[in-house]
Amino acid sequence: FVAAAWIGHEDLCLLARDWRATYFDTMLAIAAWRGHEALCRLAKEWGATDFDTMLAEAALNGHEALCQLAKDWGATNFDTMLVNATRGGHEALCRLAKDWGAAVFDLMLAEAAYAGLEALCHLAKDWSATNFDTMLGNAAYSGHEALCWLAKDWGTRDFDRMLVEAIDGR
């Protein structure tokens, strides 16, 4: 059932439901992550209600229409949407999450640094992020030297954390 939603086999999802499958929120999340709107609609019709997870999963892979649909159906966790959109490198969805009320800009900065996404680091800073120590640690852990320099320029001084993260990182 879950695998059918993953790949987008609507016919197999129907069969699984006929055979008494009940993981409709899981189906919704996976279908949103994969961008299968028809399966999202089926999952909701069959009783799925976890629209915040749908929103988060759709944001991770840049499915803006599904993010809008999740919001229309009642999703309200725009902070997680922002973090996942950042992880996926989707600036437009980051902006949308902020417009809808997301405010976890330090987490956005940390995720952008971890992923090596300089433009999103700048955007997070423009939106009031100030935790440059975590930015430095995440950039060092992931091996993004340019972002380490940027964090230093922005005022971080936790160079011991940088050292430890660089040793521990990938």
Side-chain angles (χ1 to χ4, degrees), residues 2 5-6 25-37 40 48-170:
V2 172
W6 175 271
D25 281 318
T26 302
M27 175 185 171
L28 179 65
I30 292 169
W33 186 77
R34 298 287 292 189
H36 300 300
E37 182 176 340
C40 289
T49 59
D50 189 357
F51 306 122
D52 283 322
T53 299
M54 174 189 177
L55 177 66
E57 296 300 323
L60 185 61
N61 275 352
H63 302 297
E64 184 173 346
L66 291 178
C67 290
Q68 182 64 57
L69 190 59
K71 181 179 182 278
D72 292 347
W73 288 348
T76 59
N77 190 343
F78 306 120
D79 286 336
T80 301
M81 176 190 176
L82 176 64
V83 171
N84 278 8
T86 301
R87 285 181 183 148
H90 306 293
E91 182 177 336
L93 288 180
C94 291
R95 292 180 181 280
L96 189 59
K98 180 182 182 281
D99 289 347
W100 289 348
V104 289
F105 306 123
D106 281 319
L107 283 175
M108 177 188 180
L109 179 64
E111 290 295 332
Y114 180 81
L117 302 168
E118 184 173 345
L120 291 181
C121 288
H122 282 279
L123 191 59
K125 181 178 183 277
D126 290 346
W127 289 348
S128 76
T130 58
N131 190 343
F132 307 124
D133 291 340
T134 298
M135 176 191 175
L136 177 68
N138 284 5
Y141 181 85
S142 298
H144 302 296
E145 183 178 343
L147 293 180
C148 292
W149 283 99
L150 188 60
K152 181 181 183 291
D153 290 346
W154 288 350
T156 189
R157 295 291 175 257
D158 192 356
F159 304 120
D160 288 327
R161 180 175 181 175
M162 177 185 174
L163 178 66
V164 170
E165 295 293 353
I167 292 167
D168 191 42
R170 342 182 197 160

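Scope of the values below: all heavy atoms of this structure, side chains included, with no hydrogens, waters or symmetry mates. Along the sequence shown, residues are numbered consecutively beginning with 1.
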* Any side-chain heavy atom of Phe132 within less than 4.5 Å of one from Leu150? -> no
* Asked: Can Leu136 and Phe159 be said to form a side chain to side chain contact (heavy atoms under 4.5 Å, CB included), step by step?
  -> CA-CA 8 Å; Leu136 177 68; Phe159 304 120; 4.0 Å; yes
* To do: Please lay out, stage by stage, how Leu123 and Leu120 fare under the test side chain to side chain contact (heavy atoms under 4.5 Å, CB included).
  => CA-CA 5 Å; Leu123 191 59; Leu120 291 181; 4.1 Å; yes
* Do you know which two heavy atoms are closest between Ala70 and Met54, and how far apart they sit? -> CB-SD, 3.7 Å
* Asked: How far apart are the C-alpha atoms of Thr80 and Asp52, what are their side-chain angles, what is the distance that settles it, and do they pass the side chain to side chain contact (heavy atoms under 4.5 Å, CB included) test?
  -> CA-CA 8 Å; Thr80 301; Asp52 283 322; over 6 Å; no
* Heavy-atom pair with the smallest gap, counting every atom of Cys94 and Thr86 -> SG-OG1, 3.4 Å
* To do: Taking the side chain as every heavy atom from C-beta outward, state whether Leu28 and Thr53 have any atom pair closer than 4.5 Å.
  => no
* Asked: Looking only at atom types and distance, does a side-chain atom of Asn131 sit under 3.5 Å from a main-chain N or O of Asp106, one as donor and one as acceptor?
  -> no
* Asked: Can you tell if the side chain of Leu117 reaches within under 4.5 Å of the side chain of Glu91, non-hydrogen atoms only?
  -> no
* Find the distance between CD (Glu145) and CE (Met162) and round it off to the nearest 0.5 Å. => 7.0 Å
* CG-SG distance between Leu93 and Cys67, expressed to the nearest 0.5 angstrom -> 5.0 Å
* To do: Using distance alone, with no hydrogens and no angle criterion, decide if Asn61 and Glu57 have a side-chain donor and acceptor under 3.5 Å apart.
  => no
* To do: Describe, in one word, how the ring planes of Trp154 and His122 are oriented to each other, choosing from parallel (under 30°), tilted (30 to 60°) and perpendicular (over 60°).
  => perpendicular
* Asked: At what distance, to the nearest 0.5 angstrom, does CG of Asn84 lie from NE2 of His90?
  -> 9.5 Å
* Asked: Minimum heavy-atom separation for Ala112 to Leu147, with atom names?
  -> O-CD1, 4.2 Å
* Does any non-hydrogen side-chain atom of Asn138 lie less than 4.5 Å from one of Glu165? -> no
* Trp127 vs Arg95 side-chain heavy atoms within contact, under 4.5 Å -> yes
* Asked: Do you know the tightest heavy-atom contact between Ala58 and Leu66?
  -> CB-CB, 3.7 Å
* Asked: Quick one: OG on Ser128 to CE on Met108, what's the gap to the nearest 0.5 Å?
  -> 10.5 Å
* Structure fact -> What one should report as the nearest heavy-atom pair of Val83 and Leu107 is CG2-CB, 3.9 Å
* Structure fact -> Taking every heavy atom of Thr134 against every heavy atom of Ala110, the minimum-distance pair comes out as CG2-CB, 3.6 Å
* To do: State the CG-CZ distance between Leu60 and Arg87, to the nearest 0.5 angstrom.
  => 7.5 Å
* Decide yes or no on side chain to side chain contact (heavy atoms under 4.5 Å, CB included) for Asp126 and Phe105, but give the supporting numbers first. => CA-CA 9 Å; Asp126 290 346; Phe105 306 123; over 6 Å; no
